[in-house]
Amino acid sequence: MAGHADAAHSNAGKYIQIAVVLFALTALEVALYEVCYGGLKTMAPGLGASLEPWFVEVLLLLSAFKFWFVAMFYMHLKFDMKLLSWLFLFSLIIAVIVIGALIILFGYNRGLWWPGGKW
Amino acid sequence: MTTTTAALDHHDHDDAHAHHTSLPIDNRKLAIWTFIGSECLFFATLISTYLVYAGQSVKGPFPTDIFSVGLVTAGTAVLLFSSFFVVMALDGAQKGDRKKMLTWLSLTVLCGVFFAGMQVYEFWHFYHLGLGYSTNLFSASFYTLTGFHGAHVALGTLWLATILKDAIKGRVPPKKALNLEIAALYWHFVDVVWIIIFPVVYLMQMRS
Amino acid sequence: MALPRALWRRHLPLGLLALFAVVVLAGCAGENYPQSTLHPKGDFAELVDAVFMKTVWWATAIFILVEAALLYAIFKFRGKPDDPEPKQVHGSTVVEIIWTVIPAAVLAFVAVPTVQTIFKTAEIPASSPDGQKPLTVEVIGHQWWWEFRYPELGIITANEMHVPVGRTVDIRMKTVDVLHSFWIPQLAGKRDLFPNRETRLWFTAKEAGEYPGACAEFCGLQHGKMLFYVMADTPADFDAWVARRMQDSVTVVPMAAAIPSDTVGPAADATGLMDTLTVSPMAQAAMDPRVAEGEKLFLTKACAGCHSLKAVGGPPVMVGPNLGGIGARRMIAAGWMRNTDENLKHWLQNPQEVKEGVLMAGYTLSDAEAEALVAYLRTKQ
Amino acid sequence: MATTVLEPTMTRTAALAKRSVLVDWLTTVDHKKIGIMYGAWAFFFFVIGGVEALIIRAQLARPEATLVSPEFYNQLFTMHGTTMIFLAVMPLSAMFFNFMIPLLIGARDVAFPRLNAMSLWVFVLGGLFLNASFLFGTAPNGGWFGYAPLSGRQYSPGPHMDFWVLGLQILGIASLAAGVNFFTTILNMRARGMTLMRMPMFVWATLITQVLVLLSFPVITVALILLMADRLFGSGFFVTAMGGDPMLWQHLFWVFGHPEVYILILPAFGIISEILPVFSRKPLFGYSAMVFSSAFIAFLGFGVWSHHMFSTGMGPLADSFFSLATMLIAIPTGVKIFNWIGTLWGGSLQFKTPMYFALGFIAMFIMGGLSGVMHSVAPADLQQTDTYFVVAHFHYVLFGGSILALTAGAYYWWPKMFGKMLDEGLGKFHFWTTMIGFNLTFFPMHFAGLLGMPRRVYTYPSGLGFDLYNLMATVGAFFLAFSILVFMWNVIKTWRSSERAPADPWGGATLEWTIPSPPQEWNFDDEPVVTERDAVWGMKRAAGVRMLPEPVAGDGKGIHMPGPSWWPLVVSLGILSFFVGFMFDKPWAFPFGPVTVFGLLLTTFAIFKWAYEAPDAHATNH
Ligand code: HEA
Ligand code: HEA
Ligand code: CUA
Ligand SMILES: [Cu+2]
């Protein structure tokens with residue numbers, strides 16, 4: 001039922017555009033790695049050095065974009081019932097809470113976040 | 001297992017057609033989304049394990065000794081391609097363009113096989129670099145995470161291949177495009193998980 | 001069913017109430033509960049008790065009010081089957097907001113002291129109430145007994161921790177096997193022991209006394225018999241105890257030479273037997289021939305392979321508890337049995353019967369041998 | 001719609017009649033039969049868990065007792081906890097989900113009937129597998145939360161914990177499948193006009209419970225996979241020598257474990273919210289607040305897990321965070337308690353057995369909730385954790401909460417499920433014996449705990465002041481067992497009686513009371529249409545009656561129901577075989593023995609057969 005309706009909204013052209021974006025973002029991710037740590041480091045040392053402190057953040061941001069594109073367009077969330085988006089989003093929120101909390105808690109336990117964190 | 005059974009339970013669904021559904025959405029589609037929500041936590045836990053144990057291995061080989069950008073980038077590209085392919089196949093299925101559906105679906109299945117093959121090769125390669133399953137924390141959490149992702153890819157490939165088989169026999173008319181749609185949703189999800197795994201598990205851990 | 005129903009209805013509430021009262025009162029009476037959390041004898045336990053009691057009063061008040069409202073509703077609004085339909089009320093935003101806000105306010109009153117106490121108990125005081133630097137004690141968990149080390153004093157002991165009254169004890173814990181939890185209810189709360197991470201706890205005993213404690217994390221077969229005692233001594237008594245432990249170690253035994261070398265097994269050699277052989281002045285003074293016999297047996301029956309008698313300067317890692325001062329300990333078998341001659345003998349002859357699964361196997365000791373060992377161990381004061 | 005199949009009803013009935021009773025129950029996809037089987041099996045496991053508890057209590061009656069060996073004791077409490085939680089309370093709730101949800105929402109079945117049958121069989125086989133460990137004398141012995149490293153290979157070399165790890169893994173599949181199924185069913189199979197905010201509260205509770213299941217079970221699944229890998233493949237996730245950290249097990253377990261306790265209590269809340277209005281003859285007070293508080297409890301439930309780990313030394317910041325988050329849960333729970341009392345207020349209370357148990361639930365649950373709040377005070381919990389105070393807390397919420405509510409539900413829905421009323425006199429006797437036995441068992445445990453008695457000890461020395469409390473608890477436990485015998489007697493008596501229950505014995509507000517007791521296979525002759533909350537009360541009011549007239553049984557003509565199927569059972573056997581294969585500690589079975597491979601193939605094969613099974617294959621072939 002719902003499935004037939006979406007087809008009208010998106011078409012091959014759009015899918016191709018998104019595919020291109022996804023590839024571009026992936027290429028950016030790899031390039032970022034190469035500039036900061038890999039083969040390109042020597043070629044553009046200044047760029048690498050300035051990007052390096054943001055490596056993790058930028059990488060996560062780029063992947064988040066990719067994630068969003070696939071979910072919204074390939075998985076039709078943008079055109080389907082809102083409920084499905086909420087379903088997915090809620091799961092993701094809990095997932096992020098779990099990952100984030102565990103990283104923080106273990107970092108703390110290992111004394112990374114708080115001087116007395118040893119105990 | 002749950003996925004396939006839920007999603008393939010379509011005869012019950014045919015039956016449900018006789019009734020109305022409360023939401024403008026098919027049971028099976030709602031079910032697969034529910035299942036995907038659940039899977040988020042499955043992978044979140046595996047990723048947490050990997051991250052919590054990053055840098056905690058007492059002996060090597062370490063990620064920096066093992067990973068190289070080339071192979072995994074290729075794999076990532078293949079998976080992204082396949083997401084695009086399956087969406088085209090679905091477009092074909094919904095519009096009743098049988099040839100389009102068959103072409104793109106075949107390509108998708110091919111990508112699945114290729115990715116799975118790549119992973120097998122990668123495991124084999126790493127194993128020969130001295131990274132057994134229980135070598136250290138890194139290896140165990142890496143193989144468990146990517147192994148389960150690989151199992152999902154394999155399952156998805158099998159599923160799509162089954163639909164391809166049906167489609168070749170002409171059993172996937174537009175009004176059954178939903179059969180493909182839910183498989184495609186699952187497939188995209190597997191792709192999306194890899195979108196996270198690629199930077200978090202590979203790129204970030206390769207920093208020297 | 002008519003009879004019991006009527007009977008129940010009339011007498012049950014009263015009966016239950018009486019029962020509750022008995023139980024509550026029994027729990028409040030002090031002295032008979034040496035392991036009680038309700039009768040703190042140390043500063044840490046007092047901090048905890050204070051916040052706990054605050055919570056208890058709030059909870060009791062809420063309990064009484066809410067149960068009373070419930071009972072009132074039950075008795076007030078009893079209906080008969082053919083009563084007319086009562087007024088159909090669907091809710092009331094005002095009332096609902098009120099009973100959301102009131103609990104929230106109550107919780108604020110609980111939350112503030114909670115957080116305060118969390119931070120207060122987290123910080124080990126830099127100095128004791130008596131002005132001294134806290135005394136460090138390392139607690140090492142074993143399946144199923146406790147090892148205590150005093151790094152500043154060099155002392156190693158087991159299952160009985162001595163601390164001076166008035167001096168803060170800074171406890172650092174680890175386990176050599178599975179998780180355990182160190183719990184000494186009258187002095188402090190509990191803290192788990194991990195194999196890979198040092199955990200800490202602290203307390204200052206306020207009154208001299210013998211405080212029983214227990215392992216509070218399930219640790220396998222004999223978790224139930226992994227107990228211990230903390231002996232809070234007056235400073236003088238504590239110094240005397242320390243001095244005795246030092247003495248355990250001063251005289252290296254000349255008697256060792258008297259033992260035929262073929263009876264000294266490889267196990268003894270491997271664990272530095274010669275070092276562990278010590279004789280306290282009391283043993284030397286003892287006229288009892290069983291003591292000498294016991295000492296010999298201690299070496300020949302492989303005891304020394306797992307136990308050191310040297311509280312200071314003994315080997316650092318042993319399978320069994322350090323037996324320095326075992327003669328004067330209150331309990332044996334990790335706090336399970338009174339340290340009487342009879343019990344000790346029973347333990348030596350058949351530890352598995354006392355505590356199935358302990359690493360100490362039976363060593364086929366005749367009555368005479370066991371008694372000799374007991375006599376010998378008894379000299380280790 | 002056009003696809004409606006007009007089955008020749010006669011052939012169908014004839015064909016079904018030929019099937020033996022056993023085959024009928026093994027292949028059924030009828031949610032009602034599945035519900036009854038869930039209930040029967042769960043009660044069976046409940047008695048097993050209860051007998052384990054009785055042996056525990058017998059051993060603890062006196063200090064220094066030697067009734068059972070320490071090893072057996074450890075197996076007893078591990079299996080008692082595991083059984084009660086996974087094999088008794090969860091499936092008892094599932095019984096009501098299965099039987100009642102389609103009726104409450106006006107549907108003819110769940111969204112995926114065969115998947116539903118699979119959940120049942122996976123649960124049954126998983127439960128039998130877990131308990132089979134007793135036959136080998138190697139029942140799990142590491143506690144229901146299986147803390148590493150005690151549960152790892154090094155300290156638990158035998159098959160004990162393999163049974164536990166694999167058994168829970170199997171049960172998890174059942175729960176997840178049911179979770180997907182009921183989530184979909186509730187969102188998508190509601191009767192016309194039944195908007196979300198018109199759903200009965202039990203339906204809401206079920207919906208939210210499924211969310212908890214779906215989001216928390218994957219976490220324990222992964223934790224169990226990691227532990228299994230440690231045990232079977234020598235990885236070191238929880239082996240410190242390899243850098244592994246036992247804390248990770250604890251975190252993962254409780255990330256699941258805390259939502260799990262709300263999985264155990266939310267259905268109970270739902271049942272109570274159905275019963276109170278009916279027996280107060282007054283709608284539920286503050287319906288929307290009840291919905292939102294449940295949702296809020298569920299959401300908060302994901303952010304408090306570390307309150308089980310206050311003694312691990314997480315540091316003051318983490319302790320404070322988890323303390324406060326835990327306390328917050330008291331607020332929505334309080335809203336529920338007050339709204340229940342508000343429902344009673346001004347009502348015309350009818351004291352039938354379900355009402356007794358429902359009121360008993362409120363009274364007892366408050367107690368358990370308040371001791372929970374005492375735990376949430378992190379420093380205080382340093383004294384309470386791992387003592388009998390905790391044991392008291394969780395039995396007040398689990399028995400005083402879940403079990404009392406489930407019992408209330410049993411009395412309430414029994415006539416609908418079996419077409420006969422449970423005896424009122426015996427029911428009330430059951431209630432009072434339960435209340436006495438329960439309080440006598442668990443109230444003294446508060447004191448035992450505060451006076452310093454650790455939990456999971458197979459014995460304790462005399463002289464610490466625990467003796468009296470333990471004796472009381474033991475006497476209470478046997479009294480409680482007696483009360484359950486009363487219940488069983490009531491069931492037998494009812495079974496034997498020939499008196500039929502009316503369709504609507506209580507003056508109910510929800511759709512199940514409009515159809516005969518027990519309902520026909522197709523539930524509703526005509527799909528109901530709902531125009532308001534408490535729809536049936538609305539109908540009665542409109543008709544000016546207190547009770548609806550007895551419905552006339554329809555003939556089901558033209559109603560197409562899914563046919564029975566063997567494949568769910570076969571899939572379950574495949575899954576069982578897959579996991580059992582990991583039990584063999586033989587070279588030929590490593591790492592994937594033939595049994596595992598066989599299980600995998602059987603599962604795959606059965607899933608394909610299932611997917612391509614023609615609707616009604618069995619019904620029409622005969
Ligand atoms: C049905 C299951 C269930 C339920 C509903 C709860 C509910 C709660 N639990 Fe419980 N809990 C368990 C099952 C459950 N628990 C189990 C099985 C364990 C032990 C696991 C193990 O170790 O084996 C455990 C352990 C446990 C611990 C860890 C103890 C320890 O081991 O150290 C804690 C700590 O915070 C805790 C807290 C709470 C709180 C705050 C609630 C709250 O949800 C309670 C809220 C309810 C109320 C507060 C009462 C009603 C409210 C009012 C009348 C309003 C006014 C009240 C106030 C203002 C306070 N629980
Ligand atoms: C829903 C959950 C649930 C329920 C209902 C119960 C019910 C009971 N529990 Fe349970 N319990 C747990 C969940 C539950 N428990 C958990 C999670 C643990 C922690 C485990 C761990 O530490 O790992 C625990 C631990 C636990 C302990 C602590 C053990 C220890 O730490 O050493 C004790 C001790 O008394 C106990 C007692 C009881 C008793 C007496 C009952 C009674 O209410 C039981 C009443 C039922 C019956 C008595 C059955 C009826 C039987 C008959 C009528 C006999 C007739 C027989 C035939 C006809 C064949 N339980
Ligand atoms: Cu050590 Cu329990
Ligand atoms: Cu909890």
Side-chain angles (χ1 to χ4, degrees), chain B residues 1-23 25-35 37-46 48-49 52-53 55-59 132-141 143-145 148 158 162 166, chain D residues 1 3-5 29 107-109 111-115 118 173 176-177 179-181 183-185 187-190 192 194 214-219 221-223 225-226 229 233-237 241-245 248 252 255 527 560-562 568 571 575 603-604 607-608 610-611 613-615:
Chain B
M1 272 160 278
T2 330
T3 356
T4 10
T5 42
L8 292 182
D9 214 348
H10 56 172
H11 298 297
D12 302 328
H13 146 79
D14 283 348
D15 172 59
H17 253 302
H19 310 271
H20 77 114
T21 53
S22 319
L23 304 172
I25 184 176
D26 186 89
N27 276 344
R28 286 183 299 149
K29 191 164 161 190
L30 184 55
I32 196 75
W33 268 109
T34 314
F35 182 74
S38 183
E39 289 270 81
C40 287
L41 267 288
F42 182 84
F43 282 105
T45 316
L46 284 169
S48 306
T49 305
V52 161
Y53 281 156
Q56 299 294 312
S57 298
V58 288
K59 63 175 188 348
Y133 178 72
S134 54
T135 302
N136 58 21
L137 280 181
F138 158 62
S139 70
S141 51
Y143 283 128
T144 310
L145 169 55
F148 271 99
L158 187 65
T162 312
D166 282 2
Chain D
M1 268 192 245
T3 42
T4 306
V5 183
V29 296
R108 294 219 165 104
D109 209 324
F112 306 106
R114 286 179 295 175
L115 186 65
M118 188 199 91
I173 293 174
L176 281 168
V180 171
N181 206 344
F183 189 83
T184 311
T185 302
L187 283 182
N188 228 10
M189 309 278 286
R190 280 166 287 140
R192 266 173 235 279
M194 184 177 280
L214 288 163
L215 298 184
S216 70
F217 268 75
V219 181
T221 303
V222 169
I225 288 169
L226 302 183
F233 309 132
S235 59
F237 292 109
M242 291 182 69
D245 196 336
L248 183 66
L252 295 185
V255 167
E527 289 180 53
H560 171 71
M561 296 301 292
V571 170
I575 291 174
T603 309
T604 317
I607 288 178
F608 271 97
W610 168 332
E613 185 176 45

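Lettering follows sequence order; numbering is per chain, from 1.
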task = Examine distances only and state if a side-chain atom of Asn27(B) and a backbone atom of Phe112(D) form a donor-acceptor pair shorter than 3.5 Å.
result = no
ask   = Where do Asn188(D) and Ile25(B) come nearest, in terms of heavy atoms and distance?
value = ND2-O, 2.9 Å
inquiry  = Show the nearest heavy-atom pair for residues Met242(D) and Leu137(B), with the distance to one decimal.
reply    = O-CG, 3.4 Å
ask   = For Leu30(B), does its backbone N or O pair with a side-chain atom of Thr184(D) as donor and acceptor, under 3.5 Å?
value = no
task = Could you grab the distance from atom CG of Leu46(B) to atom CG of Leu226(D), nearest 0.5 Å is fine?
result = 7.0 Å
inquiry  = Please find the pair of heavy atoms, one from Ser235(D) and one from Tyr133(B), that lie closest to each other, and give the distance.
reply    = CB-CE2, 3.8 Å
task = Would you indicate whether the side-chain heavy atoms of Asp245(D) and Tyr53(B) approach each other to under 4.5 Å?
result = yes
message = Quick check: closest heavy atoms across Met189(D) and Ser22(B), and the distance to 0.1 Å?
response = N-OG, 3.4 Å
request  = Side chain from CB out, backbone as N, CA, C, O: work out which of these in Leu215(D) comes under 4.5 Å of a heavy atom of chain B, or both, or neither.
outcome  = both
Heavy-atom proximity to chain D below 4.5 Å, by part of Ser48(B) = neither
query = Tell me, side chain or backbone of Phe148(B) under 4.5 Å from chain D's heavy atoms, or both, or neither?
reply = side chain
query = Is there a side-chain contact between Ser38(B) and Leu176(D), using heavy atoms and a 4.5 Å cut-off?
reply = yes
query = Contact part of Thr162(B) toward chain D, heavy-atom cut-off under 4.5 Å: side chain, backbone, both or neither?
reply = both
query = Considering only heavy atoms, which portion of Ala241(D) lies under 4.5 Å from any heavy atom of chain B: side chain, backbone, both, or neither?
reply = backbone
